[in-house]
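Read through the structure below, which is laid out as structure tokens, and then see the notes.
Chain letters run A, B, ... following the sequence lines, proteins first and then strands; every chain starts at 1.
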2 protein chains.
Amino acid sequence: MFFSKSCEYGIRATIYIAVQSLQDKRVSLVEISEKIDSPKSFTAKILQKLARNKIIVSVKGQTGGYEIPKDDMEKITLSQIVLAIDGSGLYSLCGLGLKKCSEKQPCPVHKDFKLIREKIRKTLESTNLSMLASSIDDGLSYLKI
Amino acid sequence: MFFSKSCEYGIRATIYIAVQSLQDKRVSLVEISEKIDSPKSFTAKILQKLARNKIIVSVKGQTGGYEIPKDDMEKITLSQIVLAIDGSGLYSLCGLGLKKCSEKQPCPVHKDFKLIREKIRKTLESTNLSMLASSIDDGLSYLKI
DNA sequence: TTTTATTCAGACAAAAATATCCGATTTTTT
DNA sequence: AAAAAATCGGATATTTTTGTCTGAATAAAA
């Protein structure tokens, strides 16, 4: 819809890791994919991408897994996660798929979609991991099913 | 992004047909796909779906093609086109892909995305074909490339 | 030092979305 | 009546997205 399946999994995984990291728990791929109900191997690829983008930290070896430093949570925004996985299309592409759509040569829905995209951008940029993780800790929101 | 490729083609095709219908011109599949720069046979499928949904009128035979009665243009909204092709997912599905996301059990981005979806819904429902077609007639917007 | 539990990387597979082809049907024109 | 130009519908093909498998690398535990 707004995000690819990969991105949905990526966001859910990141939030889950954040919640656990707040309690100093490092989590494994198996645990993550069970808790957020996502395909294990596919999720592995996404976590790798998030790690390469410095959004999560991966640790190899027997007690390894994934974690997020608490100090980073304020800085990591939803926007950064989306950009890492889906790229910037949501912010820039024409709603009707026109390559040359622009202010000078706008498509028929250009103005309206610009407003919508701006609203999405503001939302994603102003939502950080702390907010997302604490809303779950507080029982105000959920990640399951 | 917001819409599938099919839907983008469908919207562009509908607008093009509307513009031509305003000048009492019935247009063929070949002309449409050339003018909106879309794959011919694929576009044919989409036009069939739009015709079945009474958004456009298809006429068979040698002088056949597609048209939209002028009187319908005020009533046909962007929303109807999107619903006919992509369904209602844009209005209803959880931003994070959670099946059970709801007011009672919201995902961490539920509130924000509800606002965004409402904005999109309002935009699509308040934009009709007359508006889209006339913006092109007036040279205020474009469909090419 | 060996075993175990983990991530990593690349190849592979399945499903969904996008795109093409072709024969049948329809209707106008010749 | 035949030919021409169009849509329709179903089968097929291609591409992209989603998902799986397997062996190597890593690091802690036994």
For A:Phe113, ring-ring contact (aromatic ring centres under 6.0 Å, His included) partners two or more places apart: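 A:Phe113 satisfies ring-ring contact (aromatic ring centres under 6.0 Å, His included) with B:Phe2, B:Phe3 only.
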Which atom pairs, donor and acceptor, lie under 3.5 Å between side-chain atoms of residues 43-56 of chain A and protein residues at least two apart or in another chain?
unit_1, atom_1, unit_2, atom_2, d
A:Thr43, OG1, A:Ser38, OG, 2.7
A:Thr43, OG1, A:Pro39, O, 2.6
A:Asn53, ND2, A:Lys49, O, 2.9

Boundaries of the DNA chain D segment in contact with chain A, non-hydrogen, under 4.0 Å: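 Contacts span D:dT18 to D:dA29, reading 5' to 3'.
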Tell me if a side-chain donor or acceptor on B:Ser102 pairs with a main-chain N or O of B:Gln105 at a distance below 3.5 Å.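 Indeed, once roles are kept as given, a pair shorter than 3.5 Å links the two residues.
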Looking at B:Met131, is its backbone amide N or carbonyl O close enough to the side chain of B:Ser134 to form a donor-acceptor pair, meaning the two atoms are under 3.5 Å apart?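 Yes; at least one donor-acceptor contact below 3.5 Å.
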For B:Asp112 and A:Thr123, test the side chains for any donor-to-acceptor distance below 3.5 angstrom and give the result as yes or no.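 Absent: no donor and acceptor within the cut-off.
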Using a 4.0 Å heavy-atom cut-off, does A:Ser28 contact any base of the nucleic acid, only the sugar-phosphate backbone, or nothing at all?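 The answer is sugar-phosphate, as A:Ser28 gets under 4.0 Å only of primed atoms, P, OP1 or OP2.
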What nucleic acid atoms does B:Val59 come within less than 4.0 Å of, heavy atoms only: base, sugar-phosphate, or nothing?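 Sugar-phosphate contact only.
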Within residues 82-89 of chain B, residues whose heavy atoms come under 4.0 Å of DNA chain D: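 Residues of residues 82-89 of chain B that come under 4.0 Å of DNA chain D do not exist, since none gets that close.
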Which residues satisfy the side-chain contact (heavy atoms from CB on, under 4.5 Å) test with [X], sequence neighbours excluded?
X	answer
A:Glu74	A:Asn128, A:Ser130
B:Lys40	B:Leu29, B:Val30, B:Ser33
B:Ser126	none

So, using side-chain hydrogen bond (donor to acceptor under 3.5 Å, both in side chains) as the criterion, who are the partners of B:Lys114 when residues are at least two apart?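 Scan of B:Lys114 (side-chain hydrogen bond (donor to acceptor under 3.5 Å, both in side chains), adjacent residues dropped) gives B:Glu103.
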Mind checking what makes side-chain hydrogen bond (donor to acceptor under 3.5 Å, both in side chains) contact with A:Glu125, not counting sequence neighbours?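 Scan of A:Glu125 (side-chain hydrogen bond (donor to acceptor under 3.5 Å, both in side chains), adjacent residues dropped) gives A:Arg121.
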Could you state the CG-C1' distance from B:Leu47 to C:dT20, rounded to the nearest angstrom?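 After rounding, the reported distance stands at 16 Å.
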Please tabulate, for side-chain N and O atoms in residues 14-25 of chain A, each donor-acceptor pair with protein atoms closer than 3.5 Å (sequence neighbours left out).
unit_1, atom_1, unit_2, atom_2, d
A:Thr14, OG1, A:Gly10, O, 2.7
A:Tyr16, OH, A:Glu31, OE2, 2.5
A:Ser21, OG, A:Ile17, O, 3.0
A:Ser21, OG, A:Ile68, N, 2.9
A:Gln23, OE1, A:Lys25, NZ, 3.4
A:Asp24, OD1, A:Lys70, NZ, 3.2
A:Asp24, OD2, A:Lys70, NZ, 3.4

All N/O contacts under 3.5 Å from nucleotides 2-5 of chain C to the protein, with atom names and distances to one decimal?
unit_1, atom_1, unit_2, atom_2, d
C:dA5, O4', A:Gln62, NE2, 3.2

For a quick check, with a 4.0 angstrom heavy-atom cut-off, what is the B/S/- contact string for nucleotides 10-18 of chain C, read 5' to 3'? BB------B
